[in-house]
Amino acid sequence: NLCTKGKLCPIGLMSHVRKEGESCVLHYGIMHYMERLYCRYVGSYRGRIGHKAMYQMNDTNWKHADAAEKKNLHTEILVGRKQLAEEKARRLDLERDRDEKTKELELLKHTNKDQFDRLQKLEEDRKQLGVVKKEEVPELDSATVGRYKKAFSAFFNTAKKALRSLESKKEKNNEDDTKLVIETEEPVNLQAFFDKWYDKALDSNSAQNKRNASLLFHGLGSVKEGKNFYGRRIVDEWDVRFENIAEKGGAKDRAIDQGGPTRELLSQVWKQMGGLKVWKDTEDKSKRFKKKGVSLFETKNNIVVPIEDDELRRRLKLAFPDDAKYSKYLAFAKSCYLNRKKKEGVKLFETQDNGVVPIKDDELRRKIKLAFPDESEYKEALDRAKSFYRAFGRIILHSLANGHTISASAMPPFYQNCLLRDCSPKDNDYHRDDILKHLSESGVTKSVTD
């Protein structure tokens, strides 16, 4: 309060506190504090020389400190320019991404309205929940991937050894007997393949019938040895044999599996799994109505669909005025519709934006009940559906155990995280932005905020 010098430059300030410090303890203390703060004696301030105001102008130390100041200023300018250039590049990248996204959205708005609405809903959910968009994660280096693969392989090798301990001595001594032999025609028709080997699994539960593809649909237990006796055949390498039939009734060319046939079979499984269904081959009796001038089906938008119920009844009444005949042919028409539903079947999977997923249990049961109202047929169709799903699970397990590629469309990211990584949306490591995207891509129509 007694000092009235006002605002001073660094050199003027230090000259003032030195002079006044000869008679004032406060100025003396401030002088030593400033010299310590700006590293006159120790420290790393500006090349360990300190601030130039700590020295007399134009002496040797002052010149060194002045040079250090200019060098430091030059370095700060370079760093600032670099940061400015990085920020400019980052801003340009963001603007370019935004422009590309805007163009994609405009294109989607005209070409795929559903996907456009879904992306818009995703952005709204992000804003409403305050979810920060996740930055791109760099890919793992080859060394890290190699370590993960070794750990993965070691786990399944241990499982294979444990399963092998359940086998009989005869099978342990004969590696060929433990291999699962899968025979299929080329090209692969997945629906025919599943139907054929499921029916064979129903026909026989013998040990011999568990050396072929029917094991995909069988239980793995043995009457004598117990649970998982045949489990090793699922996780071990398979012997896939393609049979090319040159001419009907002609000789077959069989390919020996050295890895290629197995990969080709798995590739076709991932490609065709979305079309798999449970169905029943029935006779189309609707042609009988055409003779009477009544058609049970019509074409709308290039799709054959049944005639509306009221219209069908009107046409039948015109064609069969007699009540007895009318009732008879109405019941017959219903049976024709039912046969058509059985033949069309019930699809087991639905296609989403990012892959194929199983139909929900309740929806599957409802559709099967509509197509197969008879209780015994309903149970048979439901058991077939369950076995088909189980076969897919075993095919995926075999692919994991032997390092085969699983198509990304065969299991969307949300199911991969929940089923294979034991990762729940409640986990902190499951980024909220990933959860929103995965649910949106899975076709969630209700707002995730609900």
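Worth knowing before you read on, the calculation uses all heavy atoms, side chains too, and leaves out hydrogens, waters and symmetry mates. One-based numbering along the sequence shown.
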#### Entry: Criterion ring-ring contact (aromatic ring centres under 6.0 Å, His included) on F193 and Y198, from CA distance to verdict
CA-CA 8 Å; F193 176 80; Y198 174 76; over 10 Å; no
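- Counting only heavy atoms from C-beta outward, the side chains of W238 and P261 never approach each other to under 4.5 Å.
- For E375 and K369, the salt-bridge test passes: some basic side-chain N is under 4.0 Å from an acidic carboxylate O.
- A ring-centre distance under 6.0 Å is found for F156 and F152.
- Using a 3.5 Å distance cut-off with no hydrogens or angles, the side chains of S424 and D427 do not pair a donor with an acceptor.
- Taking the six-membered ring wherever Trp is involved, the centroid distance between the rings of F349 and Y389 falls below 6.0 Å.
- If you check the side chains of S387 and R384, you find no donor sitting under 3.5 Å from an acceptor.
- In this structure, the side chain of S399 engages the main chain of I395 through a donor-acceptor pair within 3.5 Å.
- Counting only distance, with no hydrogens or angles, the side chain of R394 and the backbone of L215 share a donor-acceptor pair below 3.5 Å.
- For F372 and Y378, the ring centers are positioned 6.0 Å apart or more.
- Side-chain atoms of N417 and D434, non-hydrogen and from C-beta on, never get closer than 4.5 Å to each other.
- Sorted by first then second residue, the salt bridge (Lys or Arg N to Asp or Glu O under 4.0 Å) pairs that include residues 355-364, not counting sequence neighbours, are E363-R366, E363-K367.
- Between the side chain of Q416 and the main chain of M411, a donor-acceptor pair closer than 3.5 Å is present.
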